[in-house]
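A short worksheet on the structure shown next.
Computed over heavy atoms, backbone and side chain alike; hydrogens, waters and symmetry mates excluded.
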Amino acid sequence: MARALELAKRGLFGTSPNPRVGAVLVKNNQIIGEGWHQRAGDKHAEVLAIEDVSVRGLASAENSHCYVTLEPCAHFGHTAPCADALIKAGIRKVTIAMVDPNPKVSGKGIKKLEDAGIEVVTGLLKQEAEKLNQGFVSRMTRQRPWVVIKLAMSLDGRTALSNGVSQWISSPESRQEVQRLRAQVCAILTGSGTVQGDDPRMTVRADDLGYAHSLISIPTRQPVRVIIDGQQRLNADFQIFKQPGKSIIVLPRGAKTAAQFVKAVAQHDIEVLLAPTISDASGDHVDLDFVLQQLASKWQVNELMVEAGAGLSGALIAQNLFDEIQIYMAPKVLGHKGKGLFNLPEFEQMAEIINVRFQQVRAVGRDIKLTIKASDTSNSNETKENTLVSGV
């Protein structure tokens with residue numbers, strides 16, 4: 001199963017919105033076939049493992065033992081059911097790391113295998129498998145993506161100078177790692193302030209990933225770019241809307257600027273999401289919980305990476321709509337007038353403060369990376385390694 005998980009990791013950059021899955025076939029204590037899901041629409045891991053048997057010059061997979069990281073599917077999608085392929089191949093036993101979290105299919109693959117007389121065991125390295133697919137699990141069980149807020153800051157907690165200049169706070173090694181993080185996620189979320197100030201592209205640049213081997217498939221897809229424009233300050237001329245791949249502009253319902261983005265769809269792959277607003281002491285704001293739910297249901301976003309300023313990052317934290325914060329802290333001092341990490345409401349009592357927990361601290365180049373988890377995702381039994389890291 002550990003080998004199957006290694007194989008599954010090879011699909012980190014390509015399987016979205018599908019889960020990452022690996023499979024190993026064993027017979028007479030020897031591996032006779034291996035496979036891993038590479039991208040949505042392609043063959044699944046179990047089918048590739050069965051095909052690998054003949055590639056190795058062996059007769060068949062009959063009476064072998066299949067180790068697979070996710071319950072084999074029992075329904076027709078882009079491909080035929082994997083459970084059927086295992087039954088047809090004459091597999092005698094299937095060990096599954098995790099049951100499919102999709103309530104529409106959960107347990108059906110197991111039942112089909114058992115009805116065919118195949119022995120099924122579940123739960124081997126379950127936590128590791130769930131960790132690898134935490135975004136897929138989140139979308140299926142919570143109906144929202146796994147949300148990771150990425151930030152770079154100085155030693156004194158500043159993200160930019162007072163005039164907005166921030167290139168570059170972090171080291172080249174940290175920036176390379178961020179490229180790898182982008183390549184893993186389904187979508188990147190930012191705000192209109194960041195787009196106005198930096199005019200970013202927010203794309204994955206394959207040449208900057210730093211991989212010189214073929215163990216990880218270099219991505220050909222771009223993550224969906226999601227831009228919150230609650231104040232209706234943007235137009236379709238910014239760089240972020242002209243890049244390969246899809247952009248989603250989130251506007252408040254009734255926004256006057258919606259029409260111009262609808263017209264731009266013909267030229268660029270832009271979609272408009274009209275969101276309800278909520279009001280607080282500082283004014284009206286796009287309902288972020290609604291946005292996350294729509295990204296999960298309409299666009300099948302598993303993991304969402306947030307690359308935004310203090311306003312949007314702070315709003316997600318204040319509303320407990322995040323799962324991880326990844327901070328790259330550079331050995332630099334920007335001064336007390338520099339821009340801070342988060343804009344949050346003033347707390348008057350310690351009972352009001354937001355508690356998080358450190359999961360990992362490690363060096364990246366000359367920087368220190370802090371991986372922080374939201375308190376409500378705490379699990380004393382979870383593995384230490386974080387999925388959305390570059391050590392792949």
Assess whether atom [atom1] of [X] is packed by more than 12 heavy atoms of other residues, nucleotides or ligands within 6.0 Å.
| X | atom1 | value |
| --- | --- | --- |
| Lys242 | NZ | yes |
| Asn28 | CG | no |
| Lys43 | NZ | no |

Mark yes or no: Arg20 above the aromatic ring of Trp36, with NZ or CZ under 6.0 Å from the six-membered ring centre and no more than 45 degrees from the axis.
->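 That pair does not qualify as a cation-pi contact.
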Would you verify whether the NZ or CZ of Arg225 falls within 45 degrees of the ring axis of Phe238 while also being under 6.0 Å from that six-membered ring's centre?
->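 Cation-pi check for Arg225 and Phe238: fails.
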Does the side chain of His44 come within less than 4.5 Å of Cys82's, by heavy atoms?
->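 Side-chain contact under 4.5 Å: yes.
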So among [options], which one has a side-chain contact (heavy atoms from CB on, under 4.5 Å) with [X]?
| X | options | value |
| --- | --- | --- |
| Pro72 | Glu46, Lys112, Lys108 | Glu46 |
| Val120 | Glu71, Glu114, Lys93, Lys111 | Glu114 |
| Val250 | Val226, Asp287, Asp229, Leu295 | Val226 |

Side chain to side chain donor-acceptor pair (under 3.5 Å) between Asn18 and His37: does it pass, once the steps are laid out?
-> CA-CA 9 Å; Asn18 291 354; His37 186 44; 3.1 Å; yes
Quickly, which of Gln360, Gln326, Glu173 forms a side-chain hydrogen bond (donor to acceptor under 3.5 Å, both in side chains) with Lys369? Name it, please.
->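 So, applying the side-chain hydrogen bond (donor to acceptor under 3.5 Å, both in side chains) to Lys369 and each of Gln360, Gln326, Glu173, only Gln326 qualifies.
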Report whether Phe136 and Val99 are members of the same hydrophobic cluster (ILVMFWY, side-chain heavy atoms less than 4.5 Å apart, transitive linking).
->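 Different clusters: Phe136 never reaches Val99 through Ile, Leu, Val, Met, Phe, Trp or Tyr contacts under 4.5 Å.
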